[in-house]
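Scroll down for the structure; my scribbles are underneath it.
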Amino acid sequence: MEISRPITELSGIGEKKAQLFKKIGIKSLMDLVTYYPITYERGIGLSKIQDIKPNGTYLIAGKILVSPISKRAGHIILTSTKLKDDTGELSLTWFNQPYLQKQLKEGQTITVMGKASYKYDKLQLTSPKIITKSDLAYFEDKGIIPIYPLTKGLSQKVIRLTVALALDVINKPIEDHIPATIRETYELENFEDAIYQIHYPKNEKALNHARKRLVFDEFLFFQLGLMLLKEEQVRIKNQYSFKSFKWYEHTLKSLPFTLTNAQNSVLDAIMKDMNGPYNMNRLIQGDVGSGKTVVAALAIILAAENGYQSVLMAPTEVLAKQHLQSIEEMFLSVDLKVGLLVGSMTKKEKMDMYQKIEAGLIDVIIGTHAVIQEGVVFKDLALVITDEQHRFGVLQREMLAGKGHYPHVLVMSGTPIPRTLGLILYGDMDVSVIDELPPGRKSIETFSVNATYRNRVQAFILKEIDAGRQCYIVCPMVEENEENELIDVLSYTEKLRVKLPPHIRIEYLHGQMRPKLKNETMERFAKGELDILVSTTVIEVGINVPNASLMVIEDAHRFGLAQLHQLRGRVGRGGNQSYCILISDSKSMLAKKRMAIMTESQDGFYIAQKDLEIRGHGDLLGLRQSGMPTFKIANIVEDLEILKQANIVAKTISEKRDILQEATYENFRKKLENYIETNMSYIAL
Ligand code: ADP
Ligand code: MG
């Protein structure tokens, strides 16, 4: 069967299963065989009870001697039973799994795997895994067992069987899309072997080799895709000239503060770019609150006084409006014409704005995705700026640049990416870093507490409100969900309204609210008409309410570190001492470690680095939210060396583009085109 055929052509895959597979992105056989295991377990072969030694890990089959009993010891419920085979007896003990009492019955034959130890002179396995029949074959095999990421309704067994079936029926040889010369240079496994070995590794070495090849693929296409998308813009001759600096100088002098050294040097770089031989393609990275907006605004004013238009795109309406306001304030003394373009405007309002933009009556247009709509045509666009760029896909950013004739491009990011990584991930972009906060910022005192402190936290909230400040409370979920008891925004707000005195003004905010209501609520909070805003992470980006001094985050372990840092950055924006309280009842070591990192550091770069280091694969959602690109198999920290190699190859190919037309690159080119089409719009960089 052709590898491009849909999985429904496999026997046993009907519409219903196909739907489930579609949920995890699998439509074709190719999708299926490139659905990689998330981890592996090692089969160890069956042992007899008489051969067990303390500290070893064993796979044991036997009969349950007595139905399990549970007893409570403090916070812990101990469930235990005895297992017997033809050579002896063994105790089995589990913590906090009382349901096993129902699942396991006297006389039943089971297979368990776990670590052995002595307890009161008797051998036992502690918290052994119960191995299902379908898994048993693998574990008995002493092989390496693939563990796939699951979705509801699809079991390990089904995925394994389907992958095995697909590998069996696809036409061989599977064509390799990486030309042989590259494979030889970088000692890469061929694609067919890599695919087999990633699902059914014959040993650790083969697995590592297969993995390296597939990681390389992923990095290569990712980087090449980025480079090709950007190619149009880089090294293009500067189309614009900026001769007048009057407004620029005047505005710079009349700012209510002096720029930090870091802001000044970024501004220098921008000025050099805009007046240099090529057009600007620059990323500004700066921690939350480092003052990126004013730098962008100064570039806008320079464009405007030289007769050019600018556009600033932000991810939310609230943020766009806030930019509008602060830019208008900054430019009171000069005749800058500013326009707003956001989704909630009426059709007529939008049409009016379109006309003004096209006629050149507007110098700078500030808005959301609305600014990249078809109707928006500029008269003379010289500068495009994206704020909080990690919220946009690469394609959206390219669309924005496409609104002008090779305009200067500036993107701003509040998600610090570790430096070495940034250089590679951002391909050909020039990167500037604002690594300094404006003077006088007090550090945000951060505490990590468990839920027993909630009353005290509430007392503290009241104290801050009494002192005239405002407070954010962030919860992970929107609606109560039976599966987990996460505190949700709606019921949390209700409870808080009952509990706190009636004069405290509380509102909630979440992503599923109508945009109009969302904006109104946010604006009311910004104007000080609300004391407490209970919210999901929708308030994460950019918003600036200097009077807010307290950020309380419920179930804090549920968020990624980069995200917690962004959330914390919503306070500490005025002159008041500000606080961040992380509430978490998680007992996991990892959760505790993450909370500790938050309390010990306020440095976004440090936190981003730690975030990457302690993240395993499974946390794709968190990664996406933090603005990092996500990969199926590659890990940007652990696989940094492979990333560097793939970077060299990507550069070579993008510089000698004609090579893609050669016969040996035919498969490669097809794969690349397909990759760009299906992936690039989702990758947010
Ligand atoms: P971010 O980099 O997070 O986008 P903003 O541009 O929103 O930060 O700036 C945060 C706040 O700091 C704003 O209120 C801004 O007016 C203020 N600010 C910016 N630069 C300085 C400076 N050099 N000195 C004092 N305050 C500044
Ligand atoms: Mg900002």
Handout entry: Beyond-backbone contact of Gln156 with Ile147, side-chain heavy atoms, under 4.5 angstrom
Key = yes
Problem - Side chains of Pro146 and Tyr36 in contact at under 4.5 Å (non-hydrogen atoms) - result: no
Practice task
Look at atom NZ of Lys53 and say whether more than 12 heavy atoms of other residues, nucleotides or ligands are closer to it than 6.0 Å.
Solution key: no
Handout entry: Donor on one side chain, acceptor on other, Tyr148 and His199, under 3.5 Å
Key = yes
Exercise for the section: Using a 4.5 Å cut-off on heavy atoms from C-beta on, say whether the side chain of Thr57 contacts that of Leu125. Expected result: no
Exercise for the section: State whether a side-chain donor-acceptor pair under 3.5 Å links Ser70 with Gln101. Expected result: yes
Exercise for the section: For this output row, return yes or no: ring centroids of Tyr579 and Phe460 closer than 6.0 angstrom. Expected result: yes
Problem - Check: Tyr186 and Ile642 side chains under 4.5 Å, non-hydrogen atoms - result: no
Exercise for the section: Side-chain contact test, heavy atoms from C-beta onward, threshold under 4.5 Å: evaluate it for Lys212 versus Leu188 and give yes or no. Expected result: yes
Practice task
Using the side chain to side chain contact (heavy atoms under 4.5 Å, CB included) rule, take Leu46 and Thr111 through it: C-alpha gap first, then chi angles, then the decisive distance, then the call.
Solution key: CA-CA 9 Å; Leu46 273 174; Thr111 309; 4.1 Å; yes
Exercise for the section: Would you check if His557 and Met595 make a side-chain contact, meaning some heavy-atom pair closer than 4.5 Å? Expected result: yes
Handout entry: Minimum heavy-atom distance between Glu2 and Leu29, given as atom pair plus value
Key = O-CD1, 3.5 Å
Practice task
Using a strict 4.0 Å threshold on nitrogen-to-oxygen distance, state whether Arg211 and Asp639 make a salt bridge.
Solution key: yes
Handout entry: Aromatic centroids of His177 and Tyr675 separated by under 6.0 Å
Key = no
Handout entry: Least distance between heavy atoms, Glu175 atom then Asn667 atom
Key = OE1-OD1, 3.1 Å
Handout entry: Distance-only donor-acceptor check, side chains Gln97 and Thr79, under 3.5 Å
Key = no
Handout entry: Pair Gln108, Lys63: side-chain N/O donor-acceptor within cut-off below 3.5 Å
Key = no
Practice task
State, yes or no, whether a side-chain contact exists between Ile52 and Ile60 at a heavy-atom distance under 4.5 Å.
Solution key: yes
Exercise for the section: Taking atom types as modelled, find out whether Lys499 and Asn455 have a side-chain donor-acceptor pair closer than 3.5 angstrom. Expected result: yes
Handout entry: Carboxylate-amine/guanidinium proximity below 4.0 Å for Arg42 and Glu204
Key = yes
Exercise for the section: Answer yes if the side chains of Thr536 and His510 hold a donor-acceptor pair under 3.5 Å, and no otherwise. Expected result: no
Problem - Flag for Tyr492-Glu494: side-chain donor and acceptor within less than 3.5 Å - result: no
Problem - Salt bridge present between Asp176 and Lys671 (N-O < 4.0 angstrom) - result: no
Exercise for the section: Ignoring hydrogens and angles, state whether a donor on the side chain of Ser28 or Arg5 is under 3.5 Å from an acceptor on the partner side chain. Expected result: no
Handout entry: Residues Ser601 and Asp603: side-chain donor-acceptor under 3.5 angstrom
Key = no
Exercise for the section: State, with a plain yes or no, whether a side-chain heavy atom of Tyr58 is found less than 4.5 Å away from one of Val112. Expected result: no
Handout entry: Residues Lys632 and Thr34: side-chain donor-acceptor under 3.5 angstrom
Key = yes
Practice task
Could you verify whether a donor N or O on one side chain and an acceptor N or O on the other, from Glu41 and Thr39, lie under 3.5 Å apart?
Solution key: no
